[in-house]
Amino acid sequence: MSKRVLCKFFAHGACLKGDHCEFSHDWKAPPNNICTFYQKGVCAYGSRCRYDHIKVSRLVVQVFSQLFLLSFQLLVDLSILLVDQHGMKNLGILICQMNDDVGELRSVNPADLPICSFAAAGNCPHGEKCPRIHGDLCPTCGKHCLHPFRPQEREEHVKTCEKMQRNLEALKHSQEIECSVCLERVLSKSAPAERKFGILSECDHPFCISCIRNWRSSSPASGMDVNSALRACPICRKLSYFVIPSVIWYCSKEEKQEILDSYKAKLRSIDCKHFDFGNGTCPFGTSCFYKHAYRDGRLEEVVIRHLGAEDGNTVIAKNIRLSDFLSNLQIR
Amino acid sequence: MVDFARVQKELQECNRDFEVSGIKVVPKSDASLAHLLGTITGPLGTPYEGGTFKIDITLPDGYPFEPPKMRFATKVWHPNISSQSGAICLDILKDQWSPALTLKTALLSVQALLSAPEPDDPQDAVVAQQYLRDYPTFMGTARYWTEAFARTSSLGVEEKVQKLVEMGFPDALVRSTLESVEGDENMALEKLCSG
(Lines give C-alpha, C1' and ligand atoms only; values in the text may rest on other atoms or scores of the structure.)
Protein backbone atom coordinates (compact mmCIF):
# COMPACT_ATOMS: atom_id res chain seq x y z
CA MET A 1 0.00 0.00 0.00
CA SER A 2 2.85 2.35 0.79
CA LYS A 3 4.19 1.78 -2.73
CA ARG A 4 1.73 4.45 -3.69
CA VAL A 5 3.41 7.11 -1.60
CA LEU A 6 6.38 8.89 -3.11
CA CYS A 7 9.67 8.00 -1.48
CA LYS A 8 11.11 11.02 0.35
CA PHE A 9 14.67 9.89 -0.34
CA PHE A 10 13.90 9.32 -4.03
CA ALA A 11 12.45 12.81 -4.18
CA HIS A 12 15.80 14.16 -2.98
CA GLY A 13 17.65 11.86 -5.38
CA ALA A 14 19.21 9.88 -2.57
CA CYS A 15 17.32 6.60 -2.09
CA LEU A 16 19.79 3.76 -1.65
CA LYS A 17 17.18 1.02 -1.80
CA GLY A 18 16.44 1.36 -5.51
CA ASP A 19 13.92 -1.19 -6.75
CA HIS A 20 13.60 -2.72 -3.30
CA CYS A 21 12.29 0.44 -1.73
CA GLU A 22 8.90 -0.02 -0.15
CA PHE A 23 7.93 3.52 -1.20
CA SER A 24 7.11 4.56 -4.73
CA HIS A 25 9.82 5.80 -7.04
CA ASP A 26 7.23 7.11 -9.48
CA TRP A 27 7.00 10.88 -9.69
CA LYS A 28 3.29 10.54 -10.29
CA ALA A 29 2.81 8.98 -6.85
CA PRO A 30 1.50 11.41 -4.27
CA PRO A 31 4.17 12.69 -1.91
CA ASN A 32 3.73 12.21 1.82
CA ASN A 33 4.60 15.62 2.99
CA ILE A 34 2.69 15.72 6.25
CA CYS A 35 4.62 16.94 9.28
CA THR A 36 4.50 14.18 11.87
CA PHE A 37 5.48 16.52 14.68
CA TYR A 38 2.55 18.82 13.90
CA GLN A 39 0.24 15.84 13.90
CA LYS A 40 1.45 14.77 17.31
CA GLY A 41 0.96 18.26 18.66
CA VAL A 42 3.84 20.68 18.34
CA CYS A 43 6.29 21.33 15.55
CA ALA A 44 9.24 23.46 16.56
CA TYR A 45 9.58 24.93 13.07
CA GLY A 46 6.05 26.37 13.10
CA SER A 47 5.16 28.20 9.93
CA ARG A 48 8.71 27.77 8.58
CA CYS A 49 8.33 23.98 8.45
CA ARG A 50 8.98 22.47 5.00
CA TYR A 51 6.36 19.82 5.67
CA ASP A 52 2.61 20.33 5.52
CA HIS A 53 0.93 21.20 8.76
CA ILE A 54 -2.34 19.30 8.54
CA LYS A 55 -4.22 17.84 11.47
CA VAL A 56 -5.68 14.44 10.79
CA SER A 57 -7.60 13.57 13.88
CA ARG A 58 -7.43 9.98 14.86
CA LEU A 59 -11.16 9.95 15.29
CA VAL A 60 -11.75 10.91 11.65
CA VAL A 61 -9.38 8.21 10.49
CA GLN A 62 -11.09 5.65 12.62
CA VAL A 63 -14.48 6.59 11.27
CA PHE A 64 -13.09 6.33 7.80
CA SER A 65 -11.50 3.02 8.40
CA GLN A 66 -14.75 1.54 9.59
CA LEU A 67 -16.51 2.91 6.60
CA PHE A 68 -13.78 1.56 4.41
CA LEU A 69 -14.50 -1.89 5.66
CA LEU A 70 -18.09 -1.46 4.55
CA SER A 71 -17.50 0.07 1.24
CA PHE A 72 -14.50 1.48 -0.54
CA GLN A 73 -16.79 3.42 -2.82
CA LEU A 74 -18.30 5.24 0.11
CA LEU A 75 -14.83 6.12 1.33
CA VAL A 76 -13.98 7.71 -1.98
CA ASP A 77 -17.17 9.72 -1.80
CA LEU A 78 -16.30 10.91 1.65
CA SER A 79 -12.81 11.73 0.55
CA ILE A 80 -14.24 13.98 -2.06
CA LEU A 81 -16.10 15.63 0.75
CA LEU A 82 -12.81 16.15 2.50
CA VAL A 83 -11.38 17.81 -0.56
CA ASP A 84 -13.53 20.75 0.28
CA GLN A 85 -12.04 20.96 3.73
CA HIS A 86 -8.39 20.50 2.95
CA GLY A 87 -8.10 21.51 -0.63
CA MET A 88 -7.17 19.51 -3.68
CA LYS A 89 -3.48 19.35 -2.70
CA ASN A 90 -3.94 16.91 0.10
CA LEU A 91 -6.47 14.58 -1.41
CA GLY A 92 -4.01 11.92 -2.50
CA ILE A 93 -2.05 12.19 0.69
CA LEU A 94 -5.08 11.78 2.84
CA ILE A 95 -6.28 8.77 0.96
CA CYS A 96 -2.90 7.16 1.27
CA GLN A 97 -2.61 8.16 4.90
CA MET A 98 -6.00 6.67 5.57
CA ASN A 99 -5.22 3.58 3.61
CA ASP A 100 -2.13 3.07 5.74
CA ASP A 101 -4.05 3.53 8.92
CA VAL A 102 -6.81 1.31 7.67
CA GLY A 103 -4.29 -1.40 6.97
CA GLU A 104 -3.15 -1.05 10.50
CA LEU A 105 -6.56 -1.04 12.01
CA ARG A 106 -8.05 -3.73 9.83
CA SER A 107 -5.89 -6.35 11.45
CA VAL A 108 -6.81 -4.73 14.81
CA ASN A 109 -4.09 -6.65 16.59
CA PRO A 110 -3.16 -4.64 19.67
CA ALA A 111 0.12 -6.51 19.90
CA ASP A 112 1.29 -4.66 16.79
CA LEU A 113 0.74 -1.27 18.39
CA PRO A 114 3.73 0.23 20.15
CA ILE A 115 3.36 1.37 23.73
CA CYS A 116 3.84 4.98 24.79
CA SER A 117 7.55 5.58 25.21
CA PHE A 118 6.99 8.53 27.56
CA ALA A 119 5.09 6.34 29.97
CA ALA A 120 7.72 3.61 29.62
CA ALA A 121 10.43 6.12 30.50
CA GLY A 122 8.56 7.18 33.61
CA ASN A 123 6.10 10.01 32.93
CA CYS A 124 3.67 10.66 30.07
CA PRO A 125 2.67 14.33 29.64
CA HIS A 126 -0.65 13.32 28.03
CA GLY A 127 -1.67 11.15 30.95
CA GLU A 128 -5.07 9.53 30.45
CA LYS A 129 -5.59 11.29 27.13
CA CYS A 130 -2.53 9.75 25.52
CA PRO A 131 -3.49 8.16 22.18
CA ARG A 132 -0.99 5.35 22.65
CA ILE A 133 -1.27 2.34 24.88
CA HIS A 134 0.32 2.74 28.26
CA GLY A 135 2.32 -0.31 29.34
CA ASP A 136 1.76 -2.16 32.61
CA LEU A 137 3.95 -1.45 35.60
CA CYS A 138 7.06 -3.61 35.93
CA PRO A 139 7.35 -4.41 39.64
CA THR A 140 11.14 -4.61 39.47
CA CYS A 141 12.13 -1.42 37.68
CA GLY A 142 8.94 0.51 38.53
CA LYS A 143 8.29 1.72 34.98
CA HIS A 144 5.23 1.33 32.76
CA CYS A 145 7.11 -0.65 30.18
CA LEU A 146 5.33 -4.01 30.01
CA HIS A 147 3.39 -4.35 26.75
CA PRO A 148 -0.11 -5.58 27.64
CA PHE A 149 -0.45 -7.66 24.47
CA ARG A 150 3.03 -9.06 23.93
CA PRO A 151 3.50 -11.84 26.50
CA GLN A 152 6.89 -12.89 25.13
CA GLU A 153 8.31 -9.40 25.36
CA ARG A 154 6.87 -9.01 28.85
CA GLU A 155 8.51 -12.17 30.03
CA GLU A 156 11.83 -11.19 28.52
CA HIS A 157 11.71 -7.76 30.12
CA VAL A 158 10.83 -9.16 33.54
CA LYS A 159 13.64 -11.67 33.23
CA THR A 160 16.34 -9.16 32.27
CA CYS A 161 14.99 -6.69 34.80
CA GLU A 162 15.23 -9.23 37.60
CA LYS A 163 18.70 -10.23 36.50
CA MET A 164 19.80 -6.61 36.57
CA GLN A 165 18.26 -6.18 39.98
CA ARG A 166 20.11 -9.23 41.26
CA ASN A 167 23.34 -7.87 39.82
CA LEU A 168 22.71 -4.54 41.49
CA GLU A 169 22.07 -6.21 44.83
CA ALA A 170 25.17 -8.36 44.44
CA LEU A 171 27.16 -5.24 43.67
CA LYS A 172 25.78 -3.52 46.75
CA HIS A 173 26.63 -6.54 48.87
CA SER A 174 30.08 -6.72 47.23
CA GLN A 175 30.87 -3.17 48.35
CA GLU A 176 31.20 -4.41 51.94
CA ILE A 177 33.62 -7.22 51.24
CA GLU A 178 37.20 -6.81 52.39
CA CYS A 179 40.32 -8.39 51.01
CA SER A 180 42.02 -10.42 53.75
CA VAL A 181 45.46 -9.42 52.52
CA CYS A 182 45.37 -5.65 52.16
CA LEU A 183 42.47 -5.38 54.66
CA GLU A 184 40.73 -2.87 52.39
CA ARG A 185 37.29 -2.98 50.83
CA VAL A 186 37.98 -4.39 47.40
CA LEU A 187 35.59 -2.13 45.51
CA SER A 188 36.83 0.98 47.33
CA LYS A 189 40.52 0.59 46.54
CA SER A 190 42.31 3.72 45.35
CA ALA A 191 43.43 2.36 41.98
CA PRO A 192 40.43 1.63 39.71
CA ALA A 193 42.23 -1.36 38.18
CA GLU A 194 42.42 -2.97 41.62
CA ARG A 195 38.68 -2.72 42.29
CA LYS A 196 38.14 -6.31 41.28
CA PHE A 197 37.83 -9.59 43.13
CA GLY A 198 40.09 -12.55 42.49
CA ILE A 199 37.92 -15.61 42.97
CA LEU A 200 39.73 -18.84 43.80
CA SER A 201 38.39 -21.87 42.00
CA GLU A 202 38.35 -24.18 45.01
CA CYS A 203 37.27 -22.05 47.98
CA ASP A 204 35.14 -19.03 48.80
CA HIS A 205 37.53 -16.58 50.47
CA PRO A 206 37.51 -13.08 48.99
CA PHE A 207 40.65 -11.24 47.89
CA CYS A 208 41.30 -8.39 45.56
CA ILE A 209 42.75 -9.45 42.25
CA SER A 210 46.06 -7.64 42.75
CA CYS A 211 46.70 -9.14 46.21
CA ILE A 212 45.95 -12.72 45.26
CA ARG A 213 47.93 -12.48 42.02
CA ASN A 214 50.80 -10.88 43.90
CA TRP A 215 50.82 -13.71 46.41
CA ARG A 216 50.60 -16.46 43.83
CA SER A 217 53.39 -14.98 41.77
CA SER A 218 55.71 -14.01 44.64
CA SER A 219 59.13 -15.52 44.24
CA PRO A 220 59.55 -18.93 45.81
CA ALA A 221 63.05 -17.79 46.83
CA SER A 222 61.68 -16.96 50.26
CA GLY A 223 61.60 -20.68 51.00
CA MET A 224 57.91 -21.16 50.35
CA ASP A 225 56.84 -24.01 48.14
CA VAL A 226 54.90 -23.03 45.02
CA ASN A 227 52.47 -25.91 45.18
CA SER A 228 51.80 -26.14 48.88
CA ALA A 229 51.99 -22.50 49.95
CA LEU A 230 51.66 -20.06 47.06
CA ARG A 231 48.90 -21.81 45.14
CA ALA A 232 46.95 -22.31 48.34
CA CYS A 233 44.30 -19.97 49.68
CA PRO A 234 45.99 -17.67 52.23
CA ILE A 235 43.15 -18.37 54.64
CA CYS A 236 42.18 -22.03 54.32
CA ARG A 237 45.28 -23.25 52.45
CA LYS A 238 43.19 -25.15 49.92
CA LEU A 239 44.92 -25.45 46.56
CA SER A 240 43.37 -23.58 43.66
CA TYR A 241 44.80 -23.83 40.18
CA PHE A 242 43.43 -20.59 38.81
CA VAL A 243 42.01 -17.21 39.81
CA ILE A 244 38.89 -15.73 38.22
CA PRO A 245 38.69 -11.94 38.04
CA SER A 246 35.24 -10.52 38.75
CA VAL A 247 33.77 -7.12 39.56
CA ILE A 248 31.10 -8.60 41.80
CA TRP A 249 31.21 -11.11 44.59
CA TYR A 250 28.83 -14.06 44.45
CA CYS A 251 26.27 -15.22 47.02
CA SER A 252 25.60 -18.74 45.81
CA LYS A 253 27.35 -21.64 44.12
CA GLU A 254 25.31 -21.06 40.96
CA GLU A 255 26.41 -17.45 40.78
CA LYS A 256 30.04 -18.48 41.17
CA GLN A 257 29.60 -21.03 38.39
CA GLU A 258 28.01 -18.35 36.22
CA ILE A 259 30.97 -16.02 36.74
CA LEU A 260 33.37 -18.88 36.03
CA ASP A 261 31.52 -19.94 32.87
CA SER A 262 31.36 -16.46 31.42
CA TYR A 263 35.06 -15.94 32.21
CA LYS A 264 36.02 -19.17 30.48
CA ALA A 265 33.77 -18.41 27.52
CA LYS A 266 35.42 -15.02 27.14
CA LEU A 267 38.91 -16.51 27.22
CA ARG A 268 37.91 -19.20 24.73
CA SER A 269 37.16 -16.46 22.22
CA ILE A 270 40.68 -15.04 22.50
CA ASP A 271 43.48 -16.64 20.50
CA CYS A 272 46.19 -18.21 22.66
CA LYS A 273 49.45 -16.33 22.21
CA HIS A 274 51.51 -19.42 22.99
CA PHE A 275 49.69 -21.53 20.42
CA ASP A 276 50.05 -18.65 17.91
CA PHE A 277 47.76 -20.15 15.23
CA GLY A 278 49.69 -23.40 15.30
CA ASN A 279 53.13 -21.80 14.98
CA GLY A 280 53.98 -22.19 18.65
CA THR A 281 53.41 -24.64 21.47
CA CYS A 282 51.24 -23.88 24.44
CA PRO A 283 52.64 -25.12 27.75
CA PHE A 284 49.10 -25.61 29.02
CA GLY A 285 48.18 -27.92 26.13
CA THR A 286 44.65 -29.21 26.21
CA SER A 287 43.82 -27.52 29.51
CA CYS A 288 44.54 -24.03 28.13
CA PHE A 289 41.61 -21.63 28.58
CA TYR A 290 42.43 -19.71 25.41
CA LYS A 291 41.47 -20.55 21.86
CA HIS A 292 43.71 -22.93 19.95
CA ALA A 293 42.76 -22.35 16.32
CA TYR A 294 44.72 -22.17 13.07
CA ARG A 295 44.57 -19.18 10.74
CA ASP A 296 41.86 -20.80 8.62
CA GLY A 297 39.60 -21.06 11.66
CA ARG A 298 40.15 -24.81 12.10
CA LEU A 299 40.40 -25.77 15.78
CA GLU A 300 43.38 -27.70 17.05
CA GLU A 301 42.79 -31.43 17.09
CA VAL A 302 43.65 -32.87 20.42
CA VAL A 303 45.60 -36.07 20.23
CA ILE A 304 46.23 -37.72 23.54
CA ARG A 305 48.73 -40.54 23.48
CA HIS A 306 48.39 -43.21 26.09
CA LEU A 307 51.43 -45.07 27.23
CA GLY A 308 51.86 -48.07 29.45
CA ALA A 309 53.76 -46.98 32.53
CA GLU A 310 56.32 -49.14 34.30
CA ASP A 311 53.87 -50.14 37.01
CA GLY A 312 51.30 -51.34 34.47
CA ASN A 313 49.05 -48.28 34.64
CA THR A 314 48.20 -46.19 31.64
CA VAL A 315 49.56 -42.67 31.56
CA ILE A 316 48.98 -39.81 29.16
CA ALA A 317 52.18 -39.04 27.28
CA LYS A 318 53.39 -35.47 27.18
CA ASN A 319 54.90 -33.99 24.07
CA ILE A 320 58.37 -35.36 23.60
CA ARG A 321 60.94 -33.29 21.77
CA LEU A 322 64.14 -34.36 20.19
CA SER A 323 65.93 -31.63 22.14
CA ASP A 324 64.96 -33.38 25.38
CA PHE A 325 67.26 -36.25 24.40
CA LEU A 326 69.93 -34.08 22.87
CA SER A 327 70.46 -32.04 26.01
CA ASN A 328 71.71 -35.12 27.82
CA LEU A 329 73.96 -36.12 24.97
CA GLN A 330 77.68 -35.91 25.57
CA ILE A 331 79.46 -34.79 22.45
CA ARG A 332 83.00 -36.03 22.33
CA MET B 1 57.61 -1.96 49.29
CA VAL B 2 55.88 -2.62 52.58
CA ASP B 3 52.13 -2.08 52.47
CA PHE B 4 52.07 0.58 55.22
CA ALA B 5 48.35 1.20 54.85
CA ARG B 6 47.81 -2.38 55.95
CA VAL B 7 50.36 -2.10 58.77
CA GLN B 8 48.59 1.01 60.05
CA LYS B 9 45.28 -0.84 60.05
CA GLU B 10 46.84 -3.85 61.76
CA LEU B 11 48.25 -1.68 64.56
CA GLN B 12 44.87 -0.05 65.20
CA GLU B 13 43.08 -3.38 65.15
CA CYS B 14 45.65 -5.06 67.37
CA ASN B 15 45.85 -2.38 70.05
CA ARG B 16 42.07 -2.05 70.32
CA ASP B 17 41.63 -5.20 72.41
CA PHE B 18 44.94 -5.16 74.27
CA GLU B 19 43.11 -5.77 77.58
CA VAL B 20 41.70 -9.08 76.30
CA SER B 21 44.54 -10.47 74.21
CA GLY B 22 47.49 -8.99 76.11
CA ILE B 23 49.10 -8.35 72.73
CA LYS B 24 50.40 -4.96 71.76
CA VAL B 25 52.39 -3.66 68.78
CA VAL B 26 53.93 -0.20 68.66
CA PRO B 27 56.33 1.41 66.18
CA LYS B 28 59.88 1.64 67.48
CA SER B 29 60.24 5.14 66.13
CA ASP B 30 57.94 7.71 64.63
CA ALA B 31 60.00 7.73 61.46
CA SER B 32 59.19 4.30 60.15
CA LEU B 33 56.60 1.57 60.46
CA ALA B 34 59.05 -1.07 59.29
CA HIS B 35 60.49 -1.54 62.78
CA LEU B 36 57.99 -2.46 65.45
CA LEU B 37 57.99 -3.66 69.02
CA GLY B 38 55.49 -6.34 69.97
CA THR B 39 54.51 -7.26 73.49
CA ILE B 40 52.94 -10.53 74.62
CA THR B 41 52.07 -11.79 78.07
CA GLY B 42 53.21 -15.21 79.25
CA PRO B 43 50.36 -17.75 79.04
CA LEU B 44 48.72 -18.83 82.30
CA GLY B 45 49.71 -22.23 83.65
CA THR B 46 53.18 -22.09 82.11
CA PRO B 47 56.54 -21.09 83.62
CA TYR B 48 56.16 -17.88 81.59
CA GLU B 49 53.05 -16.80 83.51
CA GLY B 50 53.29 -13.27 84.84
CA GLY B 51 55.97 -12.24 82.40
CA THR B 52 55.74 -9.62 79.69
CA PHE B 53 57.82 -10.49 76.67
CA LYS B 54 59.06 -7.99 74.15
CA ILE B 55 59.46 -9.03 70.54
CA ASP B 56 61.48 -7.17 67.93
CA ILE B 57 59.63 -7.04 64.62
CA THR B 58 61.19 -6.05 61.30
CA LEU B 59 58.96 -5.93 58.25
CA PRO B 60 60.69 -7.01 55.03
CA ASP B 61 60.02 -5.12 51.78
CA GLY B 62 57.70 -7.81 50.55
CA TYR B 63 55.39 -7.70 53.59
CA PRO B 64 52.61 -8.97 53.67
CA PHE B 65 53.72 -11.38 50.96
CA GLU B 66 56.80 -12.23 52.99
CA PRO B 67 56.72 -13.13 56.69
CA PRO B 68 57.72 -10.46 59.25
CA LYS B 69 61.07 -11.08 60.94
CA MET B 70 60.49 -11.64 64.67
CA ARG B 71 62.98 -12.04 67.49
CA PHE B 72 62.54 -12.09 71.26
CA ALA B 73 64.07 -8.94 72.78
CA THR B 74 63.37 -10.28 76.26
CA LYS B 75 65.51 -13.23 77.29
CA VAL B 76 63.45 -16.41 77.50
CA TRP B 77 64.18 -20.07 78.35
CA HIS B 78 62.30 -22.13 75.76
CA PRO B 79 63.33 -25.04 73.47
CA ASN B 80 62.18 -23.24 70.31
CA ILE B 81 63.61 -19.85 71.15
CA SER B 82 67.29 -19.14 71.19
CA SER B 83 68.42 -18.23 74.70
CA GLN B 84 71.22 -16.19 73.13
CA SER B 85 69.72 -14.34 70.17
CA GLY B 86 66.00 -14.64 70.78
CA ALA B 87 65.47 -16.24 67.34
CA ILE B 88 62.13 -17.98 67.06
CA CYS B 89 61.62 -21.35 65.37
CA LEU B 90 58.05 -21.24 64.13
CA ASP B 91 56.82 -22.51 60.77
CA ILE B 92 54.38 -19.67 60.10
CA LEU B 93 57.24 -17.20 60.37
CA LYS B 94 59.07 -19.17 57.69
CA ASP B 95 57.69 -21.41 54.94
CA GLN B 96 54.14 -21.61 56.25
CA TRP B 97 53.54 -17.85 56.20
CA SER B 98 50.36 -16.64 54.57
CA PRO B 99 49.45 -13.04 53.70
CA ALA B 100 46.15 -13.53 55.49
CA LEU B 101 48.09 -13.72 58.77
CA THR B 102 48.66 -10.46 60.60
CA LEU B 103 51.14 -9.24 63.20
CA LYS B 104 48.53 -9.98 65.83
CA THR B 105 47.85 -13.54 64.68
CA ALA B 106 51.59 -14.15 64.33
CA LEU B 107 52.17 -12.91 67.89
CA LEU B 108 49.28 -15.08 69.09
CA SER B 109 51.05 -18.04 67.50
CA VAL B 110 54.25 -17.08 69.29
CA GLN B 111 52.25 -16.91 72.53
CA ALA B 112 50.83 -20.37 71.76
CA LEU B 113 54.37 -21.61 71.15
CA LEU B 114 55.24 -20.58 74.73
CA SER B 115 52.49 -22.89 76.03
CA ALA B 116 53.33 -25.73 73.65
CA PRO B 117 57.08 -26.23 73.21
CA GLU B 118 58.31 -28.56 70.45
CA PRO B 119 61.56 -30.00 71.85
CA ASP B 120 61.92 -32.37 68.88
CA ASP B 121 62.38 -29.45 66.50
CA PRO B 122 64.54 -27.20 68.67
CA GLN B 123 66.05 -23.79 68.10
CA ASP B 124 68.15 -23.96 71.25
CA ALA B 125 69.63 -27.45 71.63
CA VAL B 126 70.75 -26.89 75.24
CA VAL B 127 67.27 -25.90 76.39
CA ALA B 128 65.69 -28.74 74.41
CA GLN B 129 68.03 -31.30 75.97
CA GLN B 130 67.25 -30.03 79.43
CA TYR B 131 63.51 -30.13 78.62
CA LEU B 132 63.72 -33.77 77.52
CA ARG B 133 66.17 -35.07 80.16
CA ASP B 134 65.44 -33.00 83.23
CA TYR B 135 62.01 -31.46 82.98
CA PRO B 136 61.84 -30.09 86.59
CA THR B 137 65.11 -28.21 86.15
CA PHE B 138 63.83 -26.83 82.82
CA MET B 139 60.67 -25.60 84.54
CA GLY B 140 62.73 -23.99 87.27
CA THR B 141 65.08 -22.25 84.86
CA ALA B 142 62.23 -21.03 82.66
CA ARG B 143 60.39 -19.66 85.72
CA TYR B 144 63.57 -18.02 87.04
CA TRP B 145 64.25 -16.37 83.64
CA THR B 146 60.69 -15.10 83.54
CA GLU B 147 61.06 -13.63 87.03
CA ALA B 148 64.44 -12.14 86.23
CA PHE B 149 63.94 -10.74 82.73
CA ALA B 150 60.24 -10.58 81.91
CA ARG B 151 58.83 -9.12 85.11
CA THR B 152 58.89 -5.38 84.89
CA SER B 153 55.40 -4.17 85.29
CA SER B 154 55.02 -5.40 88.89
CA LEU B 155 57.16 -2.59 90.25
CA GLY B 156 56.33 1.10 90.22
CA VAL B 157 58.77 3.64 88.79
CA GLU B 158 59.92 4.78 92.24
CA GLU B 159 60.60 1.23 93.35
CA LYS B 160 62.65 0.58 90.22
CA VAL B 161 64.61 3.77 90.78
CA GLN B 162 65.19 2.83 94.39
CA LYS B 163 66.35 -0.64 93.45
CA LEU B 164 68.85 0.68 90.90
CA VAL B 165 70.07 3.46 93.23
CA GLU B 166 70.70 0.79 95.86
CA MET B 167 72.97 -0.92 93.34
CA GLY B 168 75.12 2.20 93.41
CA PHE B 169 74.01 4.24 90.40
CA PRO B 170 73.30 7.99 90.73
CA ASP B 171 69.60 8.86 91.03
CA ALA B 172 69.41 11.28 88.08
CA LEU B 173 71.19 8.88 85.72
CA VAL B 174 68.89 6.03 86.79
CA ARG B 175 65.82 8.13 86.07
CA SER B 176 66.98 9.26 82.61
CA THR B 177 68.10 5.75 81.67
CA LEU B 178 64.80 4.22 82.82
CA GLU B 179 62.97 6.79 80.75
CA SER B 180 65.00 6.01 77.64
CA VAL B 181 64.13 2.30 77.82
CA GLU B 182 60.46 2.91 78.66
CA GLY B 183 60.76 1.72 82.25
CA ASP B 184 62.31 -1.67 81.53
CA GLU B 185 64.54 -2.13 84.56
CA ASN B 186 66.57 -5.00 83.05
CA MET B 187 67.37 -3.00 79.96
CA ALA B 188 68.15 0.03 82.13
CA LEU B 189 70.51 -2.07 84.21
CA GLU B 190 72.23 -3.36 81.08
CA LYS B 191 72.58 0.17 79.77
CA LEU B 192 73.88 1.50 83.10
CA CYS B 193 76.44 -1.29 83.30
CA SER B 194 77.64 -0.88 79.72
CA GLY B 195 77.70 2.89 79.71
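Each chain gets a letter, A, B and so on, in the order the sequences are listed, and its residues count up from 1.
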Subject >> Atom CD of A:E156: over 12 foreign heavy atoms under 6.0 Å >> reply: no
Subject >> Heavy atoms from other residues, nucleotides or ligands near NZ of B:K75 exceed 12 (cutoff 6.0 Å) >> reply: yes
Original post:
Under the criterion side chain to side chain contact (heavy atoms under 4.5 Å, CB included), which of A:N214, A:V181, A:I212 is the partner of B:P99?
Top reply: A:V181
**OP:** Please lay out, stage by stage, how A:C182 and B:D3 fare under the test side chain to side chain contact (heavy atoms under 4.5 Å, CB included).
**Re:** CA-CA 8 Å; A:C182 59; B:D3 183 353; 3.9 Å; yes
Subject >> Exceeds 12 heavy-atom contacts within 6.0 angstrom, atom OH of A:Y294 >> reply: yes
**OP:** Can you see which heavy atom on A:L183 is nearest to which on B:K9, and at what distance?
**Re:** O-NZ, 3.0 Å
Original post:
Taking atom CE of A:M164 as the centre, does the number of heavy atoms from other residues, nucleotides or ligands within less than 6.0 Å exceed 12?
Top reply: no
Original post:
Would a distance-only check, ignoring hydrogens and angles, find a side-chain to backbone donor-acceptor pair under 3.5 Å from A:R237 to B:Q96?
Top reply: yes
Subject >> Smallest separation among heavy atoms of A:W215 and B:F65, with atom names >> reply: CZ3-O, 3.4 Å
Subject >> Heavy-atom neighbours of A:F242 CZ exceed 12 at 6.0 Å >> reply: yes
